[in-house]
Asks: 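Just dropping this structure here.
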Amino acid sequence: MRKILTFLTFIMFILACGQDKTTEKSSSEPVTEVQNEPGFGIVIHGGAGTILKENMSDSLEAAYTAKLEEAIRVGHEILKNGGSAMEAVTKTINVMEDSPLFNAGKGAVFTHDETNELDASVMDGATLNAGAVAGVTRIKNPIDLALEVMLNSPHVMLSGKGAENFAQEQGFELVDPSYFFTEQRFNSLKRVKEMKKSKAVSRNDPFINDSKFGTVGCAALDKNGNLAAGTSTGGMTNKRWNRIGDAPIIGAGTYANNATCAVSSTGWGEYFIRAMVAHDISALMEYKGLSLQEAARLVIQEKVAALGGDGGIVAIDKNGNVSMEFNTAGMYRAHMNADGELRIGIYKE
Ligand code: ASP
């Protein structure tokens, strides 16, 4: 009898231990959940090109760094408070559009006819919905109109006068085209025209070098796991015939897909269109299983470079990994992760 009692006690002890283990496991689950709370992140560019330290004054460098930080902090705050990736992207881009430092919104480059024609696009990775505008001349923040096209029109891309009529119908205020004027961009146009006439102006002239690039873009991942990307630009100095670059073309200048990544491009638009840069990066991840970094490197360093194009991208994947890949001397760029760690870069590292 004693033996049976001892045996039963032993069995109960074993069962109790098992019970304890289960409790321990379930009580540890919330901890695991906290660790798995979705991360978020944001990455931006302010254009790529022949950006060399020796051509940059300390004050200009400080101005770019401060503006990149100001812009990315706006988006980061939105994401931290649970806002959407799309809101973070557009509000971040607004800061850069409003700054004359960048070739987007105020400070856009001049066309051959001394006007400013702006292009922009956005894409929502959750729905694969997208919106774009091309060749607008009176829209202060073209990225907002691209979003409006996505949200409140049956179309993906509107251009020129029609896009502006749509803007007015949607309650956008149109600005006078003189709003976009900056002395520096106007001088760039004059110098580019001069260079075309004579070979006297050096290709290393900083006005010439920065005349091609300076687009702004952003890619973000929010706490709900949604990705979004956007790009806004004045295009290329001295462009003619209502030329449209890659920035408003979904798949070239902008792409986002929750299954893979969100991408914004900057560079020589004709090559970025031909290489379908932003979608190519996503497709390499989706169909070939490449990591974001591998895909971005392949497209920028090999595919675009082999065609003779230059520029770069910023991108973020569904896990918050980031790529800031470029094949030019520099690219204005910044990244902020969920912990608030900030990286800002201008030149090649
Ligand atoms: N990609 C733009 C364009 O070709 C230029 C830029 O990125 O600065 O219009």
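Just follow the structure's listing: the first ligand is 1, and inside any ligand the first atom is 1. Heavy-atom basis, side chains included; hydrogens, waters and symmetry copies ignored.
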Asks: Contact between M324 and H45 at the side-chain level, heavy atoms closer than 4.5 Å - yes or no?
Replies: no
Asks: In terms of atom number and element, which parts of ligand 1 are under 4.0 angstrom from non-hydrogen atoms of T266?
Replies: 6 (C), 7 (O), 8 (O)
Asks: Considering only heavy atoms of G235, which atoms of ligand 1 have at least one such atom less than 4.0 Å away?
Replies: 5 (C), 9 (O)
Asks: Check this for me - ligand 1, T215, N or O atoms closer than 3.5 angstrom, yes or no?
Replies: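 Yes, there is a polar N/O contact under 3.5 Å.
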Asks: If the contact criterion is a heavy-atom separation under 4.0 Å, does G267 count as touching ligand 1?
Replies: yes
Asks: Is G214 in polar range of ligand 1, meaning some N or O pair under 3.5 Å apart?
Replies: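 Yes: some nitrogen or oxygen of G214 is under 3.5 Å from one in ligand 1.
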Asks: With side chain to side chain contact (heavy atoms under 4.5 Å, CB included) as the test, would you mind laying out the steps for T233 and V216 before giving the verdict?
Replies: CA-CA 6 Å; T233 188; V216 306; over 6 Å; no
Asks: Ring centres of F40 and H76 under 6.0 Å apart?
Replies: yes
Asks: Could you give the distance from CG (N116) to NZ (K239), rounded to the nearest 0.5 Å?
Replies: 8.5 Å
Asks: Does an N or O anywhere in E270 fall below 3.5 Å from an N or O of ligand 1?
Replies: no
Asks: Decide if atom CG of D339 counts as having more than 12 heavy atoms of other residues, nucleotides or ligands within a radius under 6.0 Å.
Replies: yes
Asks: Do ligand 1 and S265 have nitrogen or oxygen atoms that lie under 3.5 Å from each other?
Replies: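 No, since none of the N or O atoms of S265 sits under 3.5 Å from an N or O of ligand 1.
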Asks: When you measure from the heavy atoms of A247 to every atom of ligand 1, does any distance fall below 4.0 Å?
Replies: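 Under 4.0 Å: no for A247.
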Asks: Could you check whether any heavy atom of R243 sits closer than 4.0 Å to an atom of ligand 1, since that is the contact criterion I want to use?
Replies: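 Yes, R243 has heavy atoms under 4.0 Å from ligand 1.
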Asks: What salt bridge (charged side-chain N to carboxylate O under 4.0 Å, His left out) pairs are there with at least one residue in residues 278-300, not counting sequence neighbours?
Replies: D280-K303, R297-E325
Asks: At a 4.0 Å threshold, what atoms of ligand 1 neighbour a non-hydrogen atom of D246?
Replies: 1 (N), 2 (C), 3 (C), 4 (O)
Asks: Please round to the nearest 0.5 Å and tell me the distance separating atom NE2 of H112 and atom NZ of K193.
Replies: 4.5 Å
